[in-house]
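Presented below is the structure to which this report refers.
These values consider heavy atoms only, across backbone and side chains, with no hydrogens, waters or symmetry-generated copies.
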Amino acid sequence: MTLDPTIAAFRFGYGLPVPQGAGAEPEAMLRALRGPDTVRARWPIVGMAEVLPLADAIRRLKTRAKEDAAALPLVAVAEADIEAMADAARRATLARAIDNPDSLRERLTAFWADHFTTVPRQRVEATLPYALVEDAIRPNLTGNFADLLTAVTLHPAMLTYLDQTQSVGPNSATGLRKGEGLNENLARELIELHTLGVGAGYQQDDVRQMAELLTGLGYNVRTGMFFDPKRAEPGAEVVLGQSYAGDGLTPIRAVLRDLSLRPETAAHIARKLAVHFVSDAPDAGLVAALEAAWTTSGGNLDQVYEALLRHPAAWAHEADKARQPFEFMVAALRALGITGADIGALSAKQMKRQLMWGLRDMGQVMKEARGPDGWAEAAEAWITPQGLAARISWAMQAPSLLMANLPEPLAMARAALGSRAGERLLWAVARAESLREGVGLVLASAEFNRR
């Protein structure tokens, strides 16, 4: 099996040139992934421990403002603080992706954040998707899927996004008193998206029983996640033929564990990993190897990743995947020599206009996927006339607005493309009329946008 460092950088990282200390072989990438998550301290992102006090203060100020208009400016100040937290989280997410020599960790974090998509619906929720990553995803990245699934499912970001706070057992004390009922959103996405996959043989009754089992779960800005037995549907629920009964979170944790071990879950996520990292039409042997690693290890993610990195199909030279806009932008910033520190030092105007609006124009606003199924994987979803026009426009304009001195285009092409640098592209770059045009040609090229 031939291990091309260019393939490693494009397929399992954010491109060339790689940060100092980065590994290009499976052993090195796995060793880094199994080691400490060093960039979390270097580029911190808020978790719920930091978000809750401010969210609770906003709640109290809004209540006060109903009777005292003088409190309204204080609400605006507190909401601006939330937005500042979100801005810092966006910068840190970019900085980590650019700087971390353990690029596989960043790519896997992005994969799972998309698999467990959450989207803020109002200003006070702007930091929740980032807190989900910090609290639930990064700490469980290499452990058992059951632990990751449980941490994500019980996180306020997921409970809020999928309306679990509105779900009440119809026969619970609260349901009977108030006439409230089920919301099936979390239950359905748990089965359809997070575990078994669409069309995996479950029935509508399984979704409803799951929804009943989840009642009692909720979230508020005073306490975070809570379980209220008065809202929980009494009695046992049967999900996929298995009965679950008990108090509090015990049956919920049990059903999440069982879902994580289902063969349908292994098949669904094995294929999804292969599609995301390798090909929109992945090699059947690769998918089977990932599924087998999942099954034999009981959903141990570290062993699944090892199976991915060690399979020959993962190192095939075909580059039929399209870099999604976030991947493209991080790879472009890295190729330009822009560092995480540079991202942190950008003005608010540069951050918004050159980076956030750039992603928007390319069709991928950070943490704002169009639905709980996350971003599309297929190349044709991104390589469209409008999407290409946005990429080309960004490639030609943004670099000179982000940095005072552009790199020499031909050297940049060789450094950023490695073994993928084609002679025709190098010929065109060498003859570009300006640095700006030469850099733009590299970033807009098919070699750069495909992986």
Side-chain angles (χ1 to χ4, degrees), residues 1-16 18 22-35 100-115 137 140-146 148-149 195-197 200 260-324 327 331 374-379 418-420 447 450-451:
M1 182 172 69
T2 302
L3 303 179
D4 185 338
T6 300
I7 291 177
F10 272 69
R11 192 162 287 162
F12 303 115
Y14 282 108
L16 295 168
V18 296
E25 297 183 350
E27 292 80 3
M29 287 188 279
L30 288 167
R31 186 165 55 249
L33 185 63
R34 291 163 179 165
N100 196 352
D102 181 9
S103 290
L104 179 61
R105 186 187 300 272
E106 301 308 319
R107 286 288 308 283
L108 285 167
T109 298
F111 170 83
W112 289 115
D114 183 66
H115 182 75
I137 293 177
N140 294 290
L141 201 61
T142 59
N144 285 321
F145 179 71
L148 172 61
L149 179 66
T195 57
L196 307 187
S260 73
L261 296 174
R262 297 277 304 195
E264 301 95 328
T265 299
H268 172 55
I269 300 181
R271 179 174 177 78
K272 192 169 182 179
L273 279 164
V275 166
H276 179 75
F277 282 96
V278 181
S279 172
D280 290 344
D283 176 82
L286 171 61
V287 176
L290 299 183
E291 188 175 344
W294 187 291
T295 302
T296 57
S297 69
N300 182 277
L301 296 175
D302 179 78
Q303 294 188 38
V304 176
Y305 305 150
E306 182 167 0
L308 170 65
L309 292 176
R310 295 192 185 281
H311 198 280
W315 296 87
H317 283 269
E318 292 81 2
D320 63 352
K321 291 291 296 181
R323 276 176 162 164
Q324 294 180 13
E327 284 183 63
W375 299 108
E377 282 288 347
S419 62
R420 301 193 64 199
E447 292 95 327
R450 292 279 188 171
R451 61 167 180 83

Which value, rounded to the nearest 0.5 Å, describes the distance between [X] atom [atom1] and [Y] atom [atom2]?
X: Lys321; Y: Ser279; atom1: NZ; atom2: OG; value: 7.5 Å
X: Arg105; Y: Arg107; atom1: CZ; atom2: CZ; value: 15.0 Å
X: Ser419; Y: His317; atom1: OG; atom2: NE2; value: 7.0 Å

Can you name the nearest heavy-atom pair linking [X] to [Y], along with the distance?
X: Leu148; Y: Ile137; answer: CD1-CA, 3.8 Å
X: Ala316; Y: Ile7; answer: O-CD1, 3.8 Å
X: Ala28; Y: Gly23; answer: CB-CA, 3.6 Å
X: Leu286; Y: Ala274; answer: CD2-CB, 4.0 Å
X: Glu291; Y: Pro263; answer: OE2-O, 4.3 Å
X: Leu301; Y: Asn140; answer: CD1-O, 3.9 Å

State which residues pass side chain to side chain contact (heavy atoms under 4.5 Å, CB included) with [X]; sequence neighbours excluded, sorted by chain then number.
X: Ala379; value: Asp280, Ala322, Arg450
X: Glu106; value: Tyr14, Val39, Arg96, Asn100, Arg138
X: Asn300; value: Asn144, Ser297, Asp302, Gln303
X: Arg271; value: Val275, Pro282, Val287

Heavy-atom check, side chain of [X] versus side chain of [Y], under 4.5 Å:
X: His115; Y: Ile269; answer: yes
X: Arg34; Y: Glu306; answer: yes
X: Leu108; Y: Leu33; answer: yes
X: Thr265; Y: Leu149; answer: no

Using the test side chain to side chain donor-acceptor pair (under 3.5 Å), find all partners of [X] that sit at least two apart in sequence or belong to another chain.
X: Thr195; value: none
X: Arg451; value: Glu327
X: Arg420; value: none
X: Thr296; value: none

Under the rule for salt bridge (Lys or Arg N to Asp or Glu O under 4.0 Å), what residues qualify as partners of [X], not counting sequence neighbours?
X: Glu447; result: none
X: Glu25; result: none
X: Arg11; result: none

Please check: side-chain N/O of Trp315 versus main-chain N/O of Arg310, any donor-acceptor pairing under 3.5 Å?
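No.
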
Please name the residue in the list Leu308, Asp283, Asp320 that meets the side chain to side chain contact (heavy atoms under 4.5 Å, CB included) test with Val278.
Leu308

Please list all pairs passing the ring pair (Phe, Tyr, Trp, His ring centres under 6.0 Å) test where one or both residues lie in residues 262-305, with sequence neighbours left out.
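For residues 262-305: Phe111-His276, Phe145-Trp294.
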
